[in-house]
Peer 1: 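The structure follows.
Just so you know, ligand 1 is whichever comes first in the structure, and atom 1 is the first atom listed for that ligand.
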Amino acid sequence: MDLSITPLKEWGLPFKEKFLSVGPCSAESEEQVLQTAGGLVDQRVGFFRAGIWKPRTHPGSFEGVGPEGLKWLGRVRDELHLPVGTEVANPDHVKACLEHNIDVLWIGARTTANPFAVQAIADALKGTDIPLFVKNPISPDLELWIGAIMRLYNAGLRRIGAIHRGFSTSKKVLYRNTPNWKIPIELKRRVPDIPLLCDPSHICGNRELIFSIAQEALDLLYDGLMIEVHRNPTEALSDSGQQITPEQFIDLIKRLTVKSETGDSEEFQQRIKELRHEVDTIDEHLLKLLGTRMEIAEKMGDLKRTNNISVYQPHRWKEILESRQAEGKEYDLSGEFILHLFQLIHEEAIRRQEEEGGRKYADNPILWKIE
Ligand code: PEP
Ligand code: MN
């Protein structure tokens with residue numbers, strides 16, 4: 001999808017190698033906001049974040065300080081010269097932020113999941129071009145995420161970014177919100193110009209894990225990070241276990257390494273070119289062989305049809321999978337990889353065998369048959 005989204009470096013916000021959004025989960029008091037921001041002044045922070053209205057799972061939890069907090073953010077901007085941003089969930093929030101000259105807005109995961117709410121926010125933003133980030137919806141649904149981005153784009157916003165904060169799951173094994181990297185990677189493929197930040201704080205739910213997720217995001221060429229920082233995390237009124245101090249944040253940033261997509265070294269360029277050439281040649285062979293394999297599948301389809309034999313043969317499929325997984329081991333290919341690869345190949349072969357007869361499987365029956 002070709003959208004004319006303004007590149008992050010042209011948003012007019014501080015940007016070093018990567019874009020950083022840093023600050024507490026919630027604004028709790030004027031001192032907490034100013035002290036936390038005070039520890040971040042020299043860090044070229046893209047914007048200082050603090051939630052004013054907090055969407056909490058249970059009523060009675062700390063639900064944010066409300067518009068009062070916008071004045072505190074105003075002091076951070078005017079006295080500490082940091083751009084400031086907060087989460088909006090409805091048109092009243094948008095109106096209050098615009099009145100207080102908040103620099104950046106973001107839409108939270110629960111709101112992105114609700115097209116009515118996103119549309120109401122988009123309508124309230126018509127005629128402005130305030131920078132705005134859209135967090136992924138809580139469910140692993142890329143279309144909802146893209147839909148929300150499109151509603152804001154259609155309202156005229158051009159400084160739009162996305163934030164990957166992980167996806168809610170019933171199995172909370174290691175992470176609070178499972179990263180499911182495939183979804184943000186697919187978002188970048190579908191909407192290549194969208195700036196993408198990673199929010200390791202909400203993915204991890206635990207400060208000990210933040211470094212590894214932040215590094216993974218940089219390895220995947222994300223444009224920046226959103227990290228929750230509190231002057232005293234243990235006394236935080238929300239998300240206490242995942243916040244770090246400004247000092248820990250500075251140390252974290254120093255330890256992270258930034259990767260680039262293209263290197264300057266000539267030796268690297270030469271070698272990568274050679275290796276890519278090898279890969280291209282192998283892919284060419286693979287495609288040719290796959291084409292031939294499918295032609296044979298069609299011949300098998302004709303043969304089965306004339307003999308009134310079923311196209312789908314559970315025993316043969318079991319045998320194919322088991323033997324390919326065993327052979328794959330010799331080449332250091334994991335059983336899971338072989339399963340995914342041959343599911344796709346087998347599914348296509350079945351489709352090609354069925355095609356002549358005119359009957360097509362509606363929705364991938366093979367996958368549920370073999371599970
Ligand atoms: C937040 O950023 O504090 C927040 C509520 O995040 P999310 O919408 O990702 O849960
Ligand atoms: Mn939070």
Peer 1: Side chains of Arg151 and Gln119: donor-acceptor distance under 3.5 Å anywhere?
Peer 2: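 A pair is found: one side chain offers a donor N or O, the other an acceptor, under 3.5 Å apart.
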Peer 1: Which of these, Asp283, Leu275, Ile282, sits in a side-chain contact (heavy atoms from CB on, under 4.5 Å) with Val279?
Peer 2: Asp283
Peer 1: What is the name of the N/O/S atom of Glu228 that is nearest to the Mn ion (ligand 2)?
Peer 2: OE2
Peer 1: Assess Arg44 against Phe15: is NZ or CZ under 6.0 Å from the centre of the six-membered ring, and within 45 degrees of the ring's axis?
Peer 2: no
Peer 1: Tell me yes or no: between the side chains of Ser26 and Ser238, is some donor less than 3.5 Å from an acceptor?
Peer 2: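 Per modelled atom types, Ser26 and Ser238 side chains form a pair under 3.5 Å.
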Peer 1: Return the protein residues near ligand 1 (heavy atom under 4.0 Å from any of its atoms), ordered by chain and residue number.
Peer 2: Cys25, Arg49, Lys54, Glu87, Trp106, Gly108, Ala109, Arg110, Lys135, Arg165, His202, Glu228
Peer 1: Under 4.5 Å between side-chain heavy atoms, counting indirect links through other Ile/Leu/Val/Met/Phe/Trp/Tyr residues: same cluster for Leu303 and Ile350 or not?
Peer 2: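 In one cluster with Leu303: Ile350, no.
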Peer 1: Here's a test for you: under side-chain contact (heavy atoms from CB on, under 4.5 Å), which of Ile149, Asn114, Ile163, Leu132 qualifies with Ile107?
Peer 2: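 Filter result, single survivor: Leu132.
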Peer 1: Specify which N/O/S atom of Asp239 comes nearest to the Mn ion (ligand 2), by atom name.
Peer 2: OD2
Peer 1: Can you give the angle Cys25 SG - the Mn ion (ligand 2) - His202 NE2, rounded to 10°?
Peer 2: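 Reported to 10°, the angle equals 170°.
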Peer 1: Hey, are Glu87 and His93 close enough side-chain-wise for a donor-acceptor pair under 3.5 Å?
Peer 2: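 Short answer, no.
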